[in-house]
Amino acid sequence: MKLVVAGGSGLIGSALIKDALSKKHEVIQLVRRKPKHQHEVQWNPDKFEVEIDALNDATAIINLSGAGVGDKRWTKNYKKLILTSRVNATKTLSESITRLNNPPSVFVSSSAIGFYGDTAENAVDENAELGEGFLSDVVFNWEYAAQKVKQHKIRVVHPRTSLVMSKRGGVLKKVLPIFKLGLGGKLGNGKQFWSYISLEDEIRAIYHLINDSRLTGGVNLSTPNPVTNKEFTKSLASVLNRPAFLSVPSLALKIALGEFSIEVLGSSRVLPSKLIASGFKFNHPDILSTLNSALKY
């Protein structure tokens, strides 16, 4: 396969590229800086610039671009960057794909379970409607930016990714040092649901989206077993063999994180109905196996 990957420097993208190269797939990585490796091609999505020839003859074009949602405090400018970094990259790729002589069979344009907003205790799948809030608005515009490709009869699939568990990035990397010291604990009341997936299963699922032509639109990349934050805390402490008696009050989170605290304290109970119906099997379907994998992968 020839895979064109945008956003390859992040947790998911770097793991995908490493895996694809190990499997002897041809990989083209789109980078904003000057290329350092043979498989890299420079692009500038803020100016809607990309080398068309690099996209031709691709099996799949995979868009993982976007500023980290939890990387910085949500100022007005950073919220704008969260949105524009996703929409501009997607528009650049979707419009370029429509001009290709030999377009890909599928455009895998990343998304997130933030689409559903706060689901409280309710379990939702891909049949659920768009939620409310900043991230729901971002995800809607993110997915919409890819729709031009559909008019050219090219399959578009949006992996709505949940919390990706890996010691190398994401939420686990941030909390791991604290838990290793025995200072971990639930966030807020701990009753909010967290939907998650191991990095290994995330990469396997992306391949599955590429290869299964039946899958279109939003597809939830999350295990079938969401847990509460309290259950996550207990499981991580157990895997590390450390206590986790402390807790972080909601007010402290609101002060420390600002508006982003809404997402940390919000509940996301999302199920992967499309993945399961298509025959995908999780290597790590529960929180304990996911965490054990995350500490290795």
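Positions are given from 1 along the sequence. Note: hydrogens, waters and symmetry copies are ignored here, and every other heavy atom, side chains too, is used.
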For [X] and [Y], which heavy atoms make the closest approach, and how far apart are they?
| X | Y | value |
| --- | --- | --- |
| Val106 | Val157 | CG2-CG1, 3.9 Å |
| Phe107 | Ile154 | N-CG2, 4.4 Å |
| Ala6 | Leu30 | CB-CD1, 4.1 Å |
| Leu271 | Ala123 | CD1-CB, 3.8 Å |
| Asn189 | Ser250 | N-OG, 4.4 Å |
| Lys274 | Val219 | CD-CG2, 3.9 Å |

Tell me who clusters with Val270, hydrophobic residues only, linked when side chains sit under 4.5 Å apart either directly or through other members. Ile113, Phe115, Tyr116, Val124, Leu130, Val139, Phe140, Trp142
Scan Val164, Leu221, Asn225 and name whichever one has a side-chain contact (heavy atoms from CB on, under 4.5 Å) with Tyr196.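 Exactly one option meets the side-chain contact (heavy atoms from CB on, under 4.5 Å) with Tyr196, and it is Asn225.
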So, do Ser109 and Leu93 sit near enough that their side-chain heavy atoms are less than 4.5 Å apart? no
Heavy-atom side-chain proximity of Asp212 to Phe280 below 4.5 angstrom: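 Counting from C-beta outward, Asp212 and Phe280 never come under 4.5 Å.
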Any donor-acceptor pair under 3.5 Å linking the side chain of Lys167 with the backbone of Leu295?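 Such a contact is found between Lys167 side chain and Leu295 backbone.
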Let's go through Arg160 and Glu143 carefully: what are the C-alpha distance in whole Å and the side-chain angles of both, what is the deciding distance for salt bridge (Lys or Arg N to Asp or Glu O under 4.0 Å) to 0.1 Å, and is it a yes or a no? CA-CA 10 Å; Arg160 290 178 181 163; Glu143 293 187 2; 2.8 Å; yes
Does the side chain of Ser198 pick up a donor-acceptor pair with the side chain of His284 at under 3.5 Å? yes
Do you see a donor-acceptor pair shorter than 3.5 Å between the side chains of Ser289 and Asp286?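 Judged by distance alone, the side chains do pair up.
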Once the angle between the rings of Phe232 and Trp194 is folded into 0 to 90°, is it parallel (under 30°), tilted (30 to 60°) or perpendicular (over 60°)? tilted
